[in-house]
There are 2 protein chains.
Amino acid sequence: MPTLKDLAKKASVSVTTASYAVNGSSLITKETREKVLKAAKEIGYRPNGMAKNLKKQKTETIGLFLSGFTGPFFTSMMEGIHEVVMSRGYEMVVCASVDRHRLLIEKNVDGAIILNYHMDDELLTELASEKLPMVVLDRELDHQHICNITLPNQAGTKAVVDYLNSKNHTHLGFMAGSEESYDGEMRLKGFLDRARELDIPFNRDHLIRADFTEKSGYDAMHTYLNKNEIYPTAFLCANDEMAMGAINAIKDHGLKVPEDIAVTGFDNLSISKYFNPPLTTVHVPKKQWGIHAAETLFDMLGKKENIQTSDLGVELIPRDSV
Amino acid sequence: MPTLKDLAKKASVSVTTASYAVNGSSLITKETREKVLKAAKEIGYRPNGMAKNLKKQKTETIGLFLSGFTGPFFTSMMEGIHEVVMSRGYEMVVCASVDRHRLLIEKNVDGAIILNYHMDDELLTELASEKLPMVVLDRELDHQHICNITLPNQAGTKAVVDYLNSKNHTHLGFMAGSEESYDGEMRLKGFLDRARELDIPFNRDHLIRADFTEKSGYDAMHTYLNKNEIYPTAFLCANDEMAMGAINAIKDHGLKVPEDIAVTGFDNLSISKYFNPPLTTVHVPKKQWGIHAAETLFDMLGKKENIQTSDLGVELIPRDSV
DNA sequence: ATATGTAATTGAAACGTTTCAATTATAAGT
DNA sequence: ACTTATAATTGAAACGTTTCAATTACATAT
């Protein structure tokens, strides 16, 4: 691997000049630059990113840290983030991990967007700093260098309860995800609160736990139906994937959706409208969410004062599954 | 940001000892190690990844370079890669880019898996080396430090043609993706070749181009149906997403699937079996593909001789869309 | 007490850049 | 021709680690 020193020798200039040439500095003449660039091509010189980062003390890379790549939910959000990051001339890396990721703890990124319930609050508050601002999407953290951008989860399930209520569904069930998920628990909370507010009785027997995947939704609903012969007229699910699994289980059990049991989801995945039956759900502006997160992060990097983190709106999408 | 020097001072040891302590070397006594670790906690020391990488001349990170995050196809594959990478104690970063990505060209990764038709062959062959082996998934490149692991695209569409033929479909149409996609073009080639082999006449009027997304599939089929009043009895689509779009367009046009037009996909996305009608498609072992790619890359990193790249199998999944 | 071997610690160089400060070359003004 | 200003080039330090080679500390054997 040729280094800048090799390049300098090849072009018979100093290392400094070589550096200026490859970085397009205006301090040197056009001729020297061209001479160096030509030599660079000849020996196949490529700058070494590690050295560059070390010297400049920054990477111009922002990291998105997820708990996993599974599921169709994240892709729109990533697109949103990616668009913003590119437009600012930065690079983006997506990392999945359990509790920690070397790129984050060894400061290999200039900023981070976190959507990873495996990472605990302590690690994040410890790591966040002027040099490593963060936007967290899956919790609320009070820290000078952390911004929270959360989804309107509670408002979402509340809207669903209201909608179902208006359709005279007064016996409700809820399929929740993992208890570790902030978003999931907020959705559950919105549901419970609203049910209480509307005096809709809710029995914990009709609270099912799954893990946000279609399969887990199927399995959980399957077991549930085998155990209970009396069931609600409508089931709210904490996300679309589980809702689809639940609907498939209900159908396989010989019941009809929505006639016997209505089912609602949350997220409004792009495929949900093509499901059979098309899924009533809460639209989550995933891409917008990503854009907003990234823009906020760049505001922090730019040391902007008074960073605004506007709320995302809720929209119920009524379809045939109710 | 406290450095190793700060840590050494705080713990009243040399920089070397501090380094040994944080890296768990057995050259120092238990007591000194503990003393240093305690000091590290106190001042909040974190090793600087950039310096580490520079000195060690490696990152223990492997990069997956994609053309975009869009679409549900990649997630299973990423999971496969990720599993392998983690099991080897490496980190994985996923990068989307147009023609180049700084992390790749500045050697910020120890190895790369490429699935990005935007990157041209020249760049890749120039970059691949002993220190940066690559596995490419979307083309075939002959280079000492590049392994190709491609999908059984041609075999896939050939199987579909055979299947449709056995169902007496002799008027076929094909919805292809972007011409830049190797996989897409191979799928098309398999189709064309097999049709010729079976003496099934094919008219280029029934070759539609879209760009692999559901929306583009819908639009393309919509325009097609408005233009042609005579159409094939079956349409092969180069992937499932376009197939779903095409089916929706056909339905919106007042025709029935599969009665009026049968439609097949390619990929077997997890949602495809729940589509209405369930999609006949070719199963692509996406996760297995990822695992195989990552394992091959580690074989290269380990300078293993005689690297085996076994082929992936094809499996036609008959469902109601035919 | 002295030599000998091993364990623990340390100093200093190196990794490949960037960039400040210093130097040299070139042009312009008298 | 000589100063002065500006442009172009360069030397050297620094970024924060790792690790080789050298040193010191300590125990054991003579």
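Chain naming here is simple, since letters A, B, ... match the order of the sequence lines and numbering starts at 1 in each.
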Going by side chain to side chain contact (heavy atoms under 4.5 Å, CB included), name the residues that satisfy it together with B:Ser216, two or more places apart in sequence or in a different chain. B:Ala210, B:Asp211, B:Thr213, B:Met242
Who are the side chain to side chain contact (heavy atoms under 4.5 Å, CB included) partners of A:His143, not counting sequence neighbours? A:Thr125, A:Ala128, A:His145, A:Ile146
Roughly how far, to the nearest 0.5 Å, is the CD1 atom of B:Ile81 from the CD1 atom of B:Ile62? 6.5 Å
Could you list by number each residue of residues 5-16 of chain A showing a heavy-atom separation from DNA chain C of less than 4.0 Å, or answer none if no residue does? A:Val15, A:Thr16
Quick one about B:Thr29 and B:Thr32 (side-chain donor to acceptor, distance below 3.5 Å, no hydrogens or angles considered), yes or no? yes
Could you point out which residue of A:Asp121, A:Asp120, A:Asn148 forms a side chain to side chain donor-acceptor pair (under 3.5 Å) with A:Arg139? A:Asp121
For B:Phe298 and B:Val85: C-alpha separation, side-chain torsions, deciding distance, then whether side chain to side chain contact (heavy atoms under 4.5 Å, CB included) applies. CA-CA 8 Å; B:Phe298 279 106; B:Val85 171; 4.0 Å; yes
Rounded at 0.5 Å granularity, tell me how far CD1 in B:Ile43 sits from CG in B:Leu7. 5.0 Å
Can you find a side-chain donor-acceptor pair between A:Ser14 and A:Thr17 that sits under 3.5 Å? yes
Salt bridge (charged side-chain N to carboxylate O under 4.0 Å, His left out) contacts touching residues 287-304 of chain A (sequence neighbours left out): A:Glu83-A:Lys287, A:Glu130-A:Lys303, A:Asp299-A:Lys304
Taking N or O atoms only and anything under 3.5 Å, show me the protein contacts with nucleotides 23-28 of chain D, one pair per line.
none

Contacted region of DNA chain C by chain A, from 5' end to 3' end of the hits, cut-off under 4.0 Å to heavy atoms, spans C:dG16 to C:dC20
Atom SG of B:Cys95 and atom NE2 of A:His82: how far apart are they, to the nearest 0.5 Å? 8.5 Å
With A:Met119 as reference, evaluate A:Asp99, A:Ile105, A:Val98, A:Leu124 under the side chain to side chain contact (heavy atoms under 4.5 Å, CB included) test and give the passing residue. A:Leu124
Sidechain N-carboxylate O distance under 4.0 Å for A:Glu42, A:Lys38: yes
To the nearest 0.5 Å, atom CD of B:Gln57 lies from atom CE of A:Met1 at 10.5 Å
Contacting residues from residues 18-37 of chain A, given that a heavy atom lies under 4.0 angstrom of DNA chain C: A:Ser19, A:Tyr20, A:Asn23
Intra- and interstrand pairs of DNA chain D - dot-bracket, Watson-Crick/G-U under 3.5 Å, | marks other strand: ||||||||||||||||||||||||||||||
According to ring-ring contact (aromatic ring centres under 6.0 Å, His included), does anything in residues 95-122 of chain A pair up with another residue at least two apart or in another chain? List the pairs. A:Phe65-A:His101
What parts of residues 50-60 of chain B reach DNA chain C, counting only heavy atoms under 4.0 Å away? B:Leu54, B:Lys55, B:Gln57
Please test B:Asp183 against B:Leu137 for side chain to side chain contact (heavy atoms under 4.5 Å, CB included), starting from the C-alpha separation and ending with a verdict. CA-CA 9 Å; B:Asp183 289 308; B:Leu137 306 180; over 6 Å; no
Once ring-ring contact (aromatic ring centres under 6.0 Å, His included) is applied, what residue pairs with a partner in residues 20-49 of chain B remain, sequence neighbours excluded? none
Residues in side chain to side chain contact (heavy atoms under 4.5 Å, CB included) with B:Gln144, at least two apart? none
